[in-house]
Protein chains: 2
Amino acid sequence: MVHYSTSRLDASFAALSDITRRGVLEQLGRSDASITELADRFHMTLTGMRKHVGVLEHAGFVTTEKVGRVRTCKLGLRGLEAEAAWIESYRQVWASRFDALDRVVEDLKLREKRDE
Amino acid sequence: MVHYSTSRLDASFAALSDITRRGVLEQLGRSDASITELADRFHMTLTGMRKHVGVLEHAGFVTTEKVGRVRTCKLGLRGLEAEAAWIESYRQVWASRFDALDRVVEDLKLREKRDE
DNA sequence: TGAATAGTGAACCATATGGTTCAGTGTATA
DNA sequence: TATACACTGAACCATATGGTTCACTATTCA
């Protein structure tokens with residue numbers, strides 16, 4: 001089995017678990033943005049948004065650069081390759097453990113038993 | 001753009017952000033296990049492990065059934081399709097926003113500037 | 001029946017998270 | 001130079017998280 005850096009996966013899955021942060025990634029996929037722009041779009045204070053951006057930065061999904069008084073945020077170099085790889089390996093575990101049809105039958109039996 | 005259930009993604013990414021829970025998924029990929037077995041393997045109290053299993057259950061990754069005094073945990077019907085799909089869509093965003101080589105160059109420039 | 005086993009539920013604890021306000025600093029602009 | 005703007009840092013707050021202990025119930029087994 002491939003080795004995945006645990007603290008990295010911790011940080012990146014945690015970063016993705018918040019809907020605002022997923023929204024920020026979506027926004028930055030369309031265009032770079034300042035903290036102020038992101039804060040406005042997500043109805044949040046500058047300080048609050050800065051924290052979200054910090055989490056995304058820490059996870060490596062976003063990079064920022066301050067020019068003058070404006071900090072511009074953009075998608076980071078690193079994409080979601082590691083996370084995609086982890087998830088893909090588990091999809092294979094699932095598939096190898098049982099094929100989907102078998103499992104549906106098994107689940108139905110379980111429900112019947114429960115509802116008796 | 002495809003629509004993803006937000007609370008579901010919240011729950012599943014949060015579930016995956018803990019190394020113990022990822023370990024439990026790995027273990028259940030090999031064989032079903034009781035709470036006691038999982039607690040032993042991960043050096044944790046029964047109560048602590050039960051909470052982790054609850055989180056995985058809530059995210060839909062695990063199902064459990066209690067027979068007699070033993071609660072057996074197994075991989076749930078639902079795999080990681082939704083998460084894989086979300087991540088894949090973002091990998092495409094990344095790819096469309098810039099190709100990898102351009103971005104490397106851009107990043108190098110940025111580093112040079114910073115180190116001047 | 002009695003003792004060991006498997007799990008549960010409540011309470012508790014320390015720390016993390018997601019947010020705010022407020023008082024700054026530094027930058028741009030009239 | 002004065003004012004507005006973009007951001008930062010510290011402090012604070014409520015709630016969530018990851019863990020524990022302890023008392024308990026229910027089941028198994030000798």
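Letters A, B, ... are given to chains in the order of the sequence lines, protein chains preceding strands, and every chain is numbered from 1.
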If you group Ile, Leu, Val, Met, Phe, Trp and Tyr by side-chain heavy-atom gaps below 4.5 Å, do [X] and [Y] land in one group?
{"X": "A:Val24", "Y": "A:Leu80", "value": "yes"}
{"X": "A:Leu75", "Y": "A:Ile35", "value": "yes"}
{"X": "B:Leu25", "Y": "A:Leu9", "value": "yes"}
{"X": "A:Phe42", "Y": "B:Tyr90", "value": "yes"}

Return yes if a side-chain donor-acceptor contact under 3.5 Å exists between A:Thr63 and A:Glu57, otherwise no. no
So which protein N/O to nucleotides 28-30 of chain C N/O distances come out below 3.5 Å?
none

Under 30°, 30 to 60°, or over 60°: which ring-plane class applies to A:Trp94 and B:Phe61, parallel, tilted or perpendicular?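 A:Trp94 and B:Phe61: perpendicular rings.
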Identify which one of B:Val53, B:Leu46, B:Thr47 satisfies the side-chain contact (heavy atoms from CB on, under 4.5 Å) criterion when paired with B:Met49.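 Answer after filtering B:Val53, B:Leu46, B:Thr47: B:Val53.
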Would you mind reading off the distance between [X] atom [atom1] and [N] atom [atom2], rounded to a whole angstrom?
{"X": "B:Asp40", "N": "C:dT5", "atom1": "CG", "atom2": "P", "result": "12 Å"}
{"X": "A:Lys66", "N": "D:dG9", "atom1": "NZ", "atom2": "C1'", "result": "11 Å"}
{"X": "B:Leu38", "N": "C:dG7", "atom1": "CG", "atom2": "C1'", "result": "13 Å"}
{"X": "B:Ile35", "N": "D:dA26", "atom1": "CD1", "atom2": "C1'", "result": "16 Å"}
{"X": "B:Arg71", "N": "D:dA26", "atom1": "CZ", "atom2": "P", "result": "15 Å"}

Each nucleotide N or O in nucleotides 15-18 of chain D that has a protein N or O under 3.5 Å away: list the pair and distance.
| from | atom 1 | to | atom 2 | distance (Å) |
| --- | --- | --- | --- | --- |
| D:dG18 | OP1 | B:Arg21 | NH2 | 3.2 |
| D:dG18 | OP2 | B:Arg21 | NH1 | 2.9 |

Flag the pair A:Gln27 / A:Glu37 as yes when at least one side-chain heavy-atom distance between them is below 4.5 Å, and no otherwise. no
If you take all heavy atoms of A:Ala14 and A:Arg21, which pair is closest and at what distance?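 Nearest heavy atoms, A:Ala14 then A:Arg21: O-NH2, 3.1 Å.
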Between protein and nucleic acid, restricted to nucleotides 21-24 of chain D and to nitrogen or oxygen atoms under 3.5 Å apart, what atom pairs and distances do you find?
| from | atom 1 | to | atom 2 | distance (Å) |
| --- | --- | --- | --- | --- |
| D:dT21 | O4 | B:Thr47 | OG1 | 3.4 |

It should be established whether A:Arg50 places a side-chain nitrogen or oxygen under 4.0 Å from OP1 or OP2 of nucleotide D:dC7.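 Indeed not, no polar side-chain atom of A:Arg50 lies that close.
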Please determine if B:Arg71 and B:Glu65 form a salt bridge, counting it only when a charged side-chain N lies under 4.0 Å from a carboxylate O. no
Using only atom types and a distance under 3.5 Å, with no angle test, would you say the side chain of A:Arg22 pairs donor to acceptor with the backbone of A:Ala15? no
